[in-house]
Amino acid sequence: MRVGVVKETKVREFRVSLTPSGAQALVAHHHQVFIEQSAGIGSGFSDRDYQRAGAQIVTTAEAWLCDLVLKVKEPQASEYHYFKRQIVFAYFHLAGAPRGLTEALLANSTTAIAYEGVEDVAGGLPLLAPMSAVAGSMAVTIGNYYLARFNHGKGMLLSRLFDERFGKVVVVGDGVVAQHAARVADGLGAQVYLCGRYPERQAELQAFVSPALNFVVSTPENIAAELVDTDLLIGAVLQRGGRAPHLVTEAMVKEMQPGSVIVDVSIDQGGCIETMRATTHDDPIYEKYGVIHYGVTNMPGAYPRLSTMALTRATLPYVLKLADSGFAALDEDPGFALGLNTHEGEITCEAVAQAFAPTGDAS
């Protein structure tokens, strides 16, 4: 099969969807690999590195002409005209993406397989997990930075000074993002409160994070009560395939102290904070009700080498299945098939269909 790797066009997105070693593995399976010129530069991989692995360096258009196209982030509007009857494998988050992306995929009968929808035999999300871990870890260090007074933050450093903990961090969610965020916050020395739905998971979460982790049952009343004196709020809610629910309302944000910081990692799916909107690495924050909001939709792109290596390690087995068997690979692996979002001009994911339906459509 002809496999194309295109250079990312999202603002400040330096990841690439395949490392040279990944390309080498595809070539060993007798596939042709076409890498867009300079696609790997941002992650520290040169065109020469890919050529040594047996790949060919090509133009943007040539990379998009392939049967299977690999990306990291969802295609941008400037890329829609490249779509054809092919397979595109990437993070799509169609429920929270512009409608034009889904419309373009459907109009061109493009098969879109979303990393974030693929499940393993245990029901986990193996292709989302590595980037979730990166983003969760980043969320705390980013929040700590914007808490600085010179960033208009309240001036609280998340830290442990001698034996006393300073700074309060509230994490809404209990998945991979939430667990990594809580662990980093605890490591810095902050007081950490994790809001989850299942109290029976408290021991498991404390084992991963720290015995000092405070578990809070995620109800509107409990979240509102915790946010009154919170320094850093991290949104880490996942709605598989659909838009994230607004668990933190505008009224709750209004009650937060001026200079507090919100980092919403759920923003790829529309965000779980009602006052949050998508931002970019070039313009990452804005203030609302005196609270600093950070909503960058491609957070792991700030650490592209680590992210690219972790992503390829997770995706390569699935890429090889697609290259070896084509669309039939989804028939052979039901968990893989759960990542299918569009095919033959139809939406194939229920959550995406619900988000894409016109207002008032109950179908």
Side-chain angles (χ1 to χ4, degrees), residues 8-15 17 71-77 79 88-102 105 112-119 124-140 142-143 171-181 233-248 262-286 293-304 307-308 310-311 314-315 338-339 341-342 349 351-352 354-356:
E8 299 299 314
T9 59
K10 195 175 181 75
V11 174
R12 297 289 180 181
E13 180 53 75
F14 299 113
R15 288 174 290 179
S17 56
K71 285 190 93 285
V72 179
K73 291 301 293 180
E74 72 282 354
Q76 304 299 291
E79 298 172 297
V88 181
F89 197 19
Y91 288 117
F92 278 99
H93 297 289
L94 289 181
R99 290 178 64 90
L101 173 55
T102 304
L105 291 167
I113 305 175
Y115 293 150
E116 69 272 11
V118 176
E119 293 188 11
L125 301 173
L127 309 190
L128 186 62
M131 297 304 95
S132 295
V134 173
S137 300
M138 285 178 61
V140 178
I142 286 169
V171 183
V172 179
D174 60 6
V176 175
V177 170
Q179 292 174 42
H180 280 77
L233 166 63
I234 295 174
V237 175
L238 173 67
Q239 182 71 37
R240 295 194 179 193
R243 284 187 64 88
H246 286 155
L247 298 189
V248 176
I262 300 174
V263 176
D264 193 352
V265 185
S266 304
I267 193 63
D268 276 319
Q269 292 184 301
C272 66
I273 317 292
E274 189 173 14
T275 53
M276 186 63 67
R277 60 174 169 78
T279 62
T280 68
H281 285 296
D282 280 351
D283 189 16
I285 63 167
Y286 61 92
H293 290 59
Y294 179 100
V296 174
T297 55
N298 58 327
M299 289 175 61
Y303 297 93
S307 297
T308 291
L311 181 61
T315 60
L338 291 174
N341 278 196
T342 67
C349 173
V352 172
Q354 291 176 350
F356 196 72

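If you take CG on Leu105 and OG1 on Thr342, they are separated by 4.5 Å, rounding to the nearest 0.5 Å. Within the model, atoms CG of Leu101 and CZ of Phe356 stand 9.0 Å from one another, a figure rounded to the nearest 0.5 Å. Separating the OG1 atom in Thr297 from the NE2 atom in His281 is a distance of 7.5 Å, to the nearest 0.5 Å. From Thr280, atom OG1 reaches atom CD of Glu13 across 12.0 Å, with rounding to the nearest 0.5 Å. Taking OG from Ser17 and NZ from Lys73, the interatomic distance works out to 13.5 Å, rounded to the nearest 0.5 Å. Here the CD1 atom belonging to Ile267 is positioned 11.0 Å from the CD1 atom belonging to Ile262, to the nearest 0.5 angstrom.
Listed here is the closest heavy atom pair of Met131 and Leu311: CE-N, 3.9 Å. Scanning both residues, Arg243 and Ala95, for their nearest heavy atoms gives CG-O, 3.3 Å. Considering all non-hydrogen atoms of both residues, Phe92 and Ala114 come closest at CD1-CA, 3.9 Å. What you find for Tyr115 and Lys71 is that their closest heavy atoms are OH-O, 2.7 Å. Of all heavy-atom pairs between Met299 and Ile142, the closest is CE-CD1, 4.0 Å. When every heavy atom of Pro130 is checked against every heavy atom of Pro126, the shortest pair comes out as CD-O, 3.2 Å.
Residues passing the side chain to side chain donor-acceptor pair (under 3.5 Å) test with His93, sequence neighbours excluded: none. In this view, Glu79 and Thr9 satisfy the side chain to side chain donor-acceptor pair (under 3.5 Å) rule, not counting sequence neighbours.
Annotation: side chain of Glu8 is not in contact with side chain of Asn298 (no heavy-atom distance under 4.5 Å). In this structure the side chain of Pro300 reaches within 4.5 angstrom of the side chain of Arg15, judged on heavy atoms. The shortest distance between side-chain heavy atoms of Leu238 and Leu125 falls below 4.5 Å. No side-chain heavy atom of Ile285 sits under 4.5 Å from any side-chain heavy atom of Thr279. Considering only heavy atoms from C-beta on, Pro245 comes within 4.5 Å of Val237 through its side chain.
When atom types are taken as modelled, the side chain of Asp264 and the backbone of Cys272 share a donor-acceptor pair closer than 3.5 angstrom. Looking only at distances, a side-chain donor or acceptor of Tyr91 sits under 3.5 Å from a matching main-chain atom of Leu127. Side chain of Gln239 to main chain of Gln269: no donor-acceptor pair is present (N/O by atom type, distance under 3.5 Å, no hydrogens or angles). Checked by atom type and distance alone, the side chain of Glu119 never pairs as donor or acceptor with a backbone atom of Gly117 at under 3.5 Å.
When the shell of 6.0 Å around CZ of Arg12 is examined, it contains 12 or fewer heavy atoms from other residues, nucleotides or ligands.
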